[in-house]
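Notes follow once the structure below has been shown.
As the structure is a prediction and not an experimental result, all values here were calculated from the model. Per chain, numbering begins at 1; letters A, B, ... match sequence-line order.
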Number of protein chains: 2
Amino acid sequence: MSKLREDQLAVWRAFVNAHAGVIRRIEKDLAERHQVPLIWYDVLVALYQSPGKKLRMTELADKVVLTPSGLTRLVERLEKEGLVRRERTEEDRRGSYTVLTREGKRAFLKAWPTYEQGIREYFIQVLTEEECRIIGDGLSRIYQSSRL
Amino acid sequence: MSKLREDQLAVWRAFVNAHAGVIRRIEKDLAERHQVPLIWYDVLVALYQSPGKKLRMTELADKVVLTPSGLTRLVERLEKEGLVRRERTEEDRRGSYTVLTREGKRAFLKAWPTYEQGIREYFIQVLTEEECRIIGDGLSRIYQSSRL
DNA sequence: TAGCAATATTTGAATCCGCAAATAAAATGG
DNA sequence: CCATTTTATTTGCGGATTCAAATATTGCTA
């Protein structure tokens, strides 16, 4: 229950500000070139990288860090644009899969270079290899311990 | 224009996920104990730490990483609760100061322990001193370079 | 110093998200 | 097996944030 030091608070603020800043920057780049918000690509990336190019709602919500209800609406929008399709599961009829459509794959491949470049330019390149490794380790642990 | 490596992408995801996870955790703690959202405290902290306990809208928007319009509404809500007050500036009548009221100061001091504990518990304590330093350095640079 | 560009902030309209409650379908226990 | 609990997802609702346009004031320049 010790007090937070000044420099520790500064680290926290750096974390919050860096996040907001970089996200805004990437969002702007994507909007300028593709007119589609960042979170859409998070969904498409998650689906693209999953075996079978499909995921349960819960898995997807987890990957993109949204609440279940938030994800439902997000998938609705993507479905309306034809980038994903929903499939009722056979095994567990409570749930459904969100499947990447051909068009969704195309949209993803088209937008990915911009997104990738943003991550590189605003985030990765600003760090040394070692910093990058250490930050990855630390933040992964933080993420893990924040779940629950 | 080289490709992003797998491990670099993982660092990015750790960054995004850690942020979302920790913010949500702290937000929940604050809501349980004080019924006031996190962003309010960001404003109160910023004001509390500023000389004169007051800031221009633009400065404040910058500190809490909101757009001008977002900040206007936020300050409106805080004003309605009596935690801040707006003062027209003498020098530049386009602008206004947001001033921390006595009640705002009290609210801040009351809530700060919870916020502080969240930052410590979900963020600082998960890291070693060295990691903390390195992460602070790296993220500060990232933040700086993301500003325009 | 009149006129026009730049800056600070607010407002209107639209979107998006989270919480809590609702629904629906498994899973579990006796 | 039936009843109850748990899990997966969706809906109703309200709040919060953004973009673009509006407003107000200042600063610059000819």
task: Between A:Gly70 and B:Arg86, name the one whose nearest nucleotide on DNA chain C is closer to the 5' end.
output: B:Arg86

message: Output the rounded distance in Å from CZ (B:Arg88) to C1' (D:dT26).
response: 13 Å

query: What integer distance in Å separates B:Asp92:CG from C:dA6:C1'?
result: 12 Å

- request: Looking at every strand, decide which applies to A:Leu66 at a 4.0 Å heavy-atom threshold: base, sugar-phosphate, or nothing.
  value: sugar-phosphate

message: By nearest heavy atom, map B:Met57 and A:Trp40 onto DNA chain C; which one lands nearer the 5' end?
response: B:Met57

query: For the pair made of CD in B:Glu90 and C1' in D:dT25, what is the distance, rounded to whole Å?
result: 14 Å

query: Between C:dT9, C:dT11, D:dT17, which nucleotide gets closest to the side-chain atoms of B:Ile39?
result: D:dT17

- prompt: For B:Leu71 and D:dC19, what is the distance between atoms CG and C1' respectively, to the nearest whole Å?
  reply: 16 Å

task: Indicate, yes or no, whether a donor-acceptor pair under 3.5 Å links the base of D:dT26 to the side chain of B:Arg94.
output: no

- request: Measure distances between side-chain N and O atoms of B:Arg77 and base N and O atoms of D:dG14, and say whether any donor-acceptor pair falls under 3.5 Å.
  value: no

query: Heavy atoms under 4.0 Å, any strand shown: does A:Arg24 hit a base, just sugar-phosphate, or nothing?
result: sugar-phosphate

- request: Please work out whether the ring planes of A:Trp12 and B:Phe123 are parallel, tilted or perpendicular, with thresholds of 30° and 60°.
  value: perpendicular

statement: Those residues at least two apart in sequence (or on a different chain) that pass ring-ring contact (aromatic ring centres under 6.0 Å, His included) with A:Phe108 are A:Tyr48, A:Trp112

message: Tell me if a side-chain donor or acceptor on A:Thr101 pairs with a main-chain N or O of A:Arg85 at a distance below 3.5 Å.
response: no

message: Using a heavy-atom cut-off of 4.0 Å across all strands, would you classify B:Glu27 as base, sugar-phosphate, or nothing?
response: nothing

field: Nucleotide D:dA8, atom P - distance to OH of A:Tyr97 in whole Å
entry: 12 Å

query: For D:dA8, does either OP1 or OP2 sit under 4.0 Å from a side-chain N or O belonging to A:Arg56?
result: no

query: Is A:Leu74 close to A:Trp40 at the side-chain level, that is, under 4.5 Å between some pair of heavy atoms?
result: yes

message: Measure CG/A:Leu74 against P/D:dT9 and give the value in whole Å, please.
response: 14 Å

task: Whole angstrom is fine here: how far is it from CZ in B:Arg93 over to C1' in D:dT23?
output: 14 Å

- prompt: Taking atom types as they are modelled, is there a donor-acceptor pair under 3.5 Å from the base of D:dG12 to the side chain of A:Arg73?
  reply: yes

- prompt: Ignoring hydrogens and angles, are the base of D:dC19 and the side chain of B:Thr67 linked by a donor-acceptor pair under 3.5 Å?
  reply: no

- prompt: With the threshold set at 4.0 Å, does a side-chain nitrogen-carboxylate oxygen contact exist between B:Asp62 and B:Arg56?
  reply: no

Rounded distance in Å - NZ (B:Lys80) to C1' (D:dA16): 13 Å

